[in-house]
Amino acid sequence: MKLITCGLPYANGKAHIGHLRTYVPADVYVRYLRMFGEKVIFVCGSDCHGTPIVINAEKEGLRPKELVDIYHEHFQKVFSKIDVNFDYFGRTDAEYHHERTQEIVKRLLENGYIYPKEIELAYCPNCDRFLPDRYVEGVCPYCGEIARGDECDQGCGRHLEPGEILEPRCKICGAKAVYRKQKHYFFRLIEFKDFLLEFLEKLGGTENALNYAKQWVTMELKDWCITRNLEWGVKFPGEDLVVYVWVDAPIGYISFTEKACEGRMDWRDIWLRNKAEIVHFIGLDIVYHHCIFWPAMLKGSDYSLPNAVVASGMVKVEGKTFSKSRGYVVWLEDDYLASGLNTDFLRYYLVNYTSHQKDLNFSWEVFGDKVNNELIANLGNFLYRVTYFAWKNFGGKVEAKIDDTALDAIRTAIDKIKYALENWEFKIASDAFMELSSYGNNYFQNAKPWDLIKSDRDECEKAVATCLQIAKALVILSYPVLPKTMKEFSEFLGFDVAKARIEDALNVESFSIQKPKIPFEKVLPEKIAELEDTMHTRIAMAESGERKEFEETGKEVEGVKETERVNEAMEKTERMKGKVGGIGEKEGEIVMDENPPEISFDEFKRLDLRIGKVINAEKIEKSKKLLRLEIDVGDEVRQVVAGIAEYYKPEDLVGKLVPILVNMKPAKLMGVESRGMILAADVDGEPVLLYPDKKVEPGTKIR
RNA sequence: AGCGGGGUGGGGUAGCCAGGUAAUCCCGGCGGGCUCAUAACCCGCAGAUCCGUGGUUCAAAUCCACGCCCCGCUACCA
């Protein structure tokens, strides 16, 4: 008996490919386990609490619950479409979840693991609210740089304790913040140090999670503040506070299990009596919550402990760090599902691209290659050529006289899948059936049934039966990864793979074949180009500073955009890059939107600014905002892509003199190289071009 | 800054933790075969100083040290 959980999606934004990086492998794992005869419960749900949801709802003019409703429904829909089938998909703002959370908090209180403490918190008199550290800005007492409430992120990098920062200001309204004392509650994490050290030795799962957690525990632990000043959330007993969302979110694993067990079994067997193996699938970014805080909470309240934490690597898009704000993202509904592509393609990509622990790069080009050259050319083609051959030449009736060496090949694949599951390496499992498919293609090719059918019908039937056995095994073994397609194809082979067990792959019986249909539709290059364009447009818009547009599509709201952890990490690295790399980095301008730091004259001199003359201009097809310009910069003519098509017509630009940054790092926008950047005033996102006061020669320096 | 994970033929990726005939698979390039199949399938060839330097060893992509570069994480921010 196993309980499998997935990290809860935060109900504050749409589902994207990053989510699936965790959920698809978990679903694949669950499906394999079931085929191996294991009893499994698979739960997940929406994480509904926390400051960002409250603030975001406010901005949208909604109540938090209304915002959560939207995304909860969205996640359910998307998961179901992509065949990630949870036994229960709950939500943490449900009553049953609040009850379970409060029960656990009470147990922790009774057991003496929670204590109150007065702490000083930044408070904004203007907004009339306590400010999370994120929303406090001030001056670092050590180095004098601008710093965030908890960390001097731009200067010396030191961690700052509450109250340390000088001249605190509210980042939301800009007003001076004050410090106020308030009673909050802390969890005695320190007391769990020895327990955790021992626990982590026994904990299973991926090394990336375990190594990280072990190292964290060895360092100094601090007690953990578990209450917040919010209305929205699980009420802390007897106080006007809610529990911190990272306390109640993992408790969802328990409360959702309760719901999943209703009418089937007693959930207490799992969470109180250790009768099931508990496995958490998470993203690499929330390891410490699951390996440290969570087990300590469970231990402190006498619940069962997890047996394994399986952490997936992060997702990159087109080789770049995943980032919604910069356009490096694939939205599941708007991009993938809208494209009409077989959802199994994406599942295969996610599982097969690389080791579960490593970062996965998503690129449409690779996607097309993998689908067409692997899924279709290898697996799909084999299934179809064999089944079609059997139907056409034997009327579908083929006796079970097979070459036993094929059974060995099938056994090898099964063993490999077992090994893969034990080691959380789902790529190895999918490689196993792809190798079997190659074996099948080879077998078919060498046996030459198309010749045999003319010379030796019996020999031919034997070869076909052998290949059909391999095909049947393939359908079964690949079903967990490709459920939609294989469910359909199994019917042509005369069985229902959804009800099959792994052993059926070795079960030899005569075949009754129906006329098959092609299992996978080929992905056309035009389709890939179209999807790439969508993405490149998004990236180009982000790069040219067109923020409004993607804030709509990306559901990001001014001021809260940093709440995206991915996003934040991005901006952080960008800040660092900005520090080191200077102004050459085009990313700089996005980050430097407010209070840009001073630069020296030497730094300014690094900019090669000139007046250029537009000698040609045309729209870039399929893009709304981009123009391709040819600009005479004095010594040469440069091709420059500019995001001004919505405001300037190409024909109006020809002959115009514009300021241009010549030594801008070249970039490709929608596949068109841009070498340089024309400068314009930014009037609420509308570019307004700047022209020289007198006529000057192209190439004239600007200083 | 600290910690973690990486740097393997043109691109991507396996192997390394349990060191041993110079290395997997997919794409791409070249040549051949086949025709049942979604121009799919099969075979062969070219191409890697396995980031650098030093060390351990009879033997290192694989272990150790130092260096360079990339990426991620860092708790009152989900």
Side-chain angles (χ1 to χ4, degrees), chain A residues 7-12 47-53 119 121-122 130-136 148-151 156-159 161-162 184 186 189 207-208 211-216 218-219 221-229 244-246 249 284-289 292-293 313-314 316 319 321 352-355 357-359 361 363 365-366 368-370 372-374 376-378 380-390 392-393 427-428 431 434-435 438 440-451 453 464 467 516 518-522 562-565 568-569 572-573:
Chain A
L8 310 188
Y10 197 51
N12 189 34
D47 179 4
C48 307
H49 299 315
T51 322
I53 283 180
I119 53 170
L121 286 174
F130 280 97
L131 300 170
D133 281 341
R134 167 65 69 68
Y135 297 109
V136 182
R148 236 167 54 180
D150 57 341
E151 184 195 357
C156 58
R158 238 177 281 238
H159 169 80
E161 287 299 316
H184 272 275
F186 284 74
L189 187 62
E207 280 177 52
N208 56 353
N211 290 345
Y212 183 54
K214 280 174 192 164
Q215 115 84 19
W216 192 273
T218 327
M219 298 186 340
L221 291 176
K222 291 191 237 167
D223 283 347
W224 187 36
C225 182
I226 56 162
T227 47
R228 291 292 184 278
N229 294 294
Y244 179 38
V245 20
W246 268 115
L284 197 53
D285 49 343
I286 50 175
V287 165
Y288 54 76
H289 298 100
I292 295 168
F293 301 147
M314 304 307 276
K316 291 180 162 202
T321 306
N352 187 265
Y353 184 83
T354 188
S355 156
Q357 299 190 41
K358 293 201 176 175
D359 286 354
N361 182 33
S363 115
E365 193 190 340
V366 176
D369 282 349
K370 282 185 87 70
N372 289 338
N373 299 325
E374 298 175 29
I376 294 178
N378 183 1
N381 186 241
F382 175 71
L383 291 177
Y384 185 69
R385 77 198 286 207
V386 170
T387 322
Y388 185 78
F389 190 94
K392 192 176 164 195
N393 293 290
K427 174 178 170 53
I428 292 180
D431 281 344
M434 291 307 282
E435 282 160 21
S438 269
N441 269 320
N442 248 301
Y443 194 95
F444 197 88
Q445 192 75 20
N446 293 333
K448 294 188 172 61
W450 57 90
D451 282 342
I453 191 71
V464 170
C467 289
I518 287 170
F520 305 108
E521 230 27 87
K522 198 154 202 171
E562 300 153 61
T563 53
E564 278 309 329
R565 62 161 195 273
E568 192 204 345
K572 200 165 175 182
T573 28

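Letters A, B, ... are given to chains in the order of the sequence lines, protein chains preceding strands, and every chain is numbered from 1. All values reported here derive from a predicted model rather than from experimental measurement.
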What I'd like to find out is whether the side chain of A:Q357 reaches to under 4.5 Å of the side chain of A:L284, using heavy atoms alone. no

Mind checking who B:G4 pairs with, Watson-Crick or G-U wobble, both distances under 3.5 Å? B:C71

Answer for the Watson-Crick or wobble partner of B:C41, both distances under 3.5 Å, is B:G33

Would you say A:Y288 reaches B:C73's phosphate, i.e. side-chain N/O to OP1/OP2 under 4.0 Å? no

Proximal nucleotide (of B:U13, B:C41, B:A78) relative to the A:A377 side chain: B:C41

According to the Watson-Crick and G-U wobble definitions, with both distances under 3.5 Å, which nucleotide is paired to B:A59? none

Can you tell me how far P of B:A14 sits from CD1 of A:I428, to the nearest Å? 10 Å

Under 3.5 Å on both distances, the Watson-Crick or G-U partner of B:G10: B:C27

Please report, rounded to the nearest Å, how far the P atom of B:C41 is from the OH atom of A:Y388. 19 Å

Indicate whether the side chain of A:N352 and that of A:D431 have a donor and an acceptor atom separated by less than 3.5 Å. yes

For RNA chain B, whose closest nucleotide is more 5', that of A:Y353 or that of A:I376? A:Y353

Which nucleotide in B:C71, B:U38, B:C76 has an atom nearest any side-chain atom of A:K316: B:C71

Nucleotide nearest A:F186 when distance is taken to its side chain, options B:C76, B:A14, B:U38: B:C76

Rounded off to whole Å, could you give me the OH-to-C1' distance for the A:Y443 and B:C36 pair? 16 Å

With the side chain defined as heavy atoms from C-beta on, A:N381 is closest, among B:C41, B:C36, B:U13, to B:C41

P-based separation of B:A14 from B:C58 [nearest Å]: 33 Å

Let me know the distance between NE2 of A:H49 and P of B:C76, rounded to the nearest Å. 17 Å

Identify the two heavy atoms, one from A:H49 and one from A:Y10, that lie closest to each other, and give their separation to 0.1 Å. O-OH, 2.5 Å

Go through B:C27, B:C42, B:U38 for me and flag the one nearest to the A:I518 side chain. B:U38

Answer with yes or no whether A:Q445 presents, from its side chain, a donor or acceptor under 3.5 Å of a partner atom in the base of B:C34. no

Looking at B:C42, B:A75, B:C71, which one has an atom nearest to any side-chain atom of A:D359? B:C71

Between B:A61 and B:U53, how many Å separate the two P atoms, rounded to a whole number? 13 Å

Measure from the side chain of A:N446, starting at C-beta and using heavy atoms only, and say which of B:C41, B:A75, B:C42 lies closest. B:C42

Looking only at non-hydrogen atoms, find the nearest pair between A:I53 and A:D47 and report the distance. CD1-O, 3.9 Å

B:C36 base stacked by A:W450? Criteria: ring centres under 5.5 Å, plane angle under 30°. yes

To the side chain of A:T354, which of B:A37, B:A14, B:A78 is closest? B:A14

Contact under 4.0 Å: A:N442 side-chain N or O vs B:C43 OP1/OP2: yes

OP1 or OP2 of B:G4 sitting under 4.0 Å from any side-chain N/O of A:K214? no

Distance, P atom - from B:C16 to B:G54, rounded to whole angstrom: 27 Å

Starting the side chain at C-beta, find the nucleotide from B:C76, B:A14, B:A78 nearest to A:I119. B:C76

Expressed in whole Å, how much space separates the C1' atoms belonging to B:C34 and B:C43? 10 Å

Return the value, rounded to whole Å, for the distance between atom CD1 of A:I286 and atom P of B:U74. 11 Å

Please confirm whether the shortest side-chain N or O distance from A:S355 to OP1 or OP2 of B:U13 is below 4.0 Å. no

What integer number of Å spans the C1' atoms of B:G4 and B:C30? 44 Å

Nucleotide paired to B:G54 in any strand shown, Watson-Crick or G-U, under 3.5 Å: B:C64

Taking side chain as C-beta onward, heavy atoms only, is A:R385 less than 4.5 Å from A:N441? yes

Suppose you measure atom P in B:U13 against the same atom in B:U8; what distance do you get, rounded to whole Å? 8 Å

How many whole angstroms separate atom CG of A:D369 from atom P of B:C26? 13 Å

A:V386: which of A:F389, A:F382, A:Y384 passes side chain to side chain contact (heavy atoms under 4.5 Å, CB included): A:F382

Quick one: is A:Y244 getting a side-chain N or O under 4.0 Å of the B:C76 phosphate, OP1 or OP2? yes

Residue met sooner reading RNA chain B from 5', once A:E374 and A:Y384 are mapped to nucleotides: A:E374

Rounded to the nearest Å, what distance is computed from the CG atom of residue A:D223 to the P atom of nucleotide B:C76? 14 Å

Short side-chain N/O contact to B:C76 OP1/OP2 from A:K222, under 4.0 Å: no

Would you indicate whether the side-chain heavy atoms of A:F293 and A:W224 approach each other to under 4.5 Å? yes

How close do A:V464 and A:A390 get, counting heavy atoms only, and between which atoms? CG1-CB, 3.7 Å

At 4.0 Å (heavy atoms only), tell me whether A:K448 reaches a base, stays on the sugar-phosphate, or touches nothing. nothing

Between B:U49 and B:A22, how far is it from one C1' atom to the other, in whole Å? 11 Å

Could you check how far CG of A:N352 sits from P of B:G12, rounded to whole Å? 17 Å

Could you work out the separation of B:G2 and B:A46 based on their C1' atoms and round it to a whole Å? 47 Å

Taking only the side-chain heavy atoms of A:P519 (C-beta and beyond), determine which of B:C76, B:C73, B:U38 contains the nearest atom. B:U38

Treating A:D359 as the side-chain partner and A:K316 as the backbone partner, does any N or O pair qualify as donor plus acceptor under 3.5 Å? no

Within the structure shown, what part of the strands sits under 4.0 Å from A:Y10 by heavy-atom distance: base, sugar-phosphate, or nothing? base

